[in-house]
Amino acid sequence: MKRESILLVVLVFLILSCNNSKSFHKLQKVDSVKFYVDPAVNSDDPEIRMAYGLNIVPPWPDGGSIFVNLPEHLEYMPGTKGIARHHDKRKNVWQISADSTEANYAVESTTEPGVFFSVKSKSTDQRARFEMSITNRSEKMLNSLRPMFCFQYNLLKGFPEKNTDNFMHTFIIINGKLVSVADLGVKNPGAIARMAQVSGCPDEHNWWAEKMGGFIEQRIDAAYTILTAAHDDRTVIVHWSPGKNLLSNSAIPCIHADPCMGDLAPGESRTVYGEIIFTRVPLKQILNEFPIK
């Protein structure tokens with residue numbers, strides 16, 4: 001996410017919060033993860049429109065929801081050429097099942113004819129699994145794909161509010177151990193975002209965090225990001241494989257555990273796999289209960 005868009009994005013989600021809360025009221029009594037789409041994301045205003053936006057309701061009473069742009073951006077190099085942006089001029093693409101436990105879509109890029117992408121998601125009890133695929137039926141070589149899947153927790157009740165102690169409640173895995181993002185040094189301690197790169201993914205693309213001084217030099221084990229509640233034992237886990245990076249932005253606030261997709265030649269397809277888990281398992285037992293796959 002580029003610096004000049006930060007303030008606009010923050011404003012957008014303040015505007016959407018009221019509408020999302022009203023829509024969530026219909027799904028307050030849940031015992032498993034549910035999906036829904038808020039009608040507000042179909043705005044004609046490109047800064048409010050969220051063509052790939054999905055709300056995820058946790059299996060907690062009156063727990064609010066997480067809003068995910070899946071994708072926020074999907075681009076390739078050089079020059080971050082856009083395959084998909086959250087503000088693409090199309091109606092929200094998600095199709096939700098009658099019982100709100102499945103959500104999916106399949107579309108062609110509005111800017112790169114011949115490039116198709118899709119997402120399938122299904123919830124069971126405390127988690128939801130995702131399968132994201134991209135197929136290149138164009139004649140272009142899509143170098144170094146860069147997906148950004150933005151999980152925004154401003155509507156998730158009881159979790160850190162924006163620009164507070166967000167990094168203290170965000171954990172990643174380094175050398176097999178959970179580490180708070182707040183405990184990892186960066187060049188500018190006042191930077192609103194932190195990024196870290198997964199070992200083994202050749203696609204770096206961390207210049208935004210490097211420029212603001214929020215890049216974490218240590219390599220992380222996997223795209224596996226953990227967020228803990230402000231005052232109780234609730235925890236959210238997001239992970240994608242194969243993994244590329246962590247991104248945590250305190251101004252939105254959001255977490256990422258984005259996947260590594262590499263190059264995509266004409267005629268090729270690629271699929272990555274993700275998951276979001278809502279749990280009360282103690283933090284020190286997370287890796288035993290939900291190991292990296």
Ignoring hydrogens and angles, state whether a donor on the side chain of [X] or [Y] is under 3.5 Å from an acceptor on the partner side chain.
X      : Y      : answer
Ser32  : Asp125 : no
Asp263 : Tyr76  : no
Glu72  : His86  : no
His205 : Ser144 : yes

Inset, instruction - Assess whether atom CD of Gln95 is packed by more than 12 heavy atoms of other residues, nucleotides or ligands within 6.0 Å. - result: no
Inset, instruction - Answer yes or no: are there more than 12 heavy-atom neighbours, outside Lys81 itself, under 6.0 Å from its atom NZ? - result: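 Buried by this count: over 12 neighbours within 6.0 Å.
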Legend entry - Centroid separation Phe149 to Trp240 less than 6.0 Å: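 Distance test on ring centres: under 6.0 Å, yes.
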Inset, instruction - Would you please indicate if the ring centroids of Tyr52 and Phe117 are separated by under 6.0 Å? - result: yes
When you measure from the side chain of [X] to the backbone of [Y], do you find a donor-acceptor pair of N or O atoms at a distance under 3.5 Å?
X      : Y      : value
Ser123 : Lys34  : no
Ser43  : Ala40  : no
Glu108 : Gly114 : yes
Ser97  : Glu102 : yes
Gln218 : Gln197 : no
Asn92  : Gly53  : yes

Inset, instruction - Compare the SG-SG distance of Cys201 and Cys260 against 2.5 Å and report whether it is shorter. - result: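 Answer is yes: Cys260 pairs with Cys201 in a disulfide.
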Legend entry - Beyond-backbone contact of Leu155 with Ile66, side-chain heavy atoms, under 4.5 angstrom: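 Leu155 does not reach Ile66 side chain to side chain.
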Inset, instruction - Give the minimum heavy-atom separation between Leu156 and Pro58, together with the two atoms involved. - result: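 The pair with the smallest heavy-atom distance is CD1-CG, 3.9 Å.
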Inset, instruction - Please say which of Val198, Leu287, Leu246, Val179 ends up in a side-chain contact (heavy atoms from CB on, under 4.5 Å) with Ile173. - result: Leu287
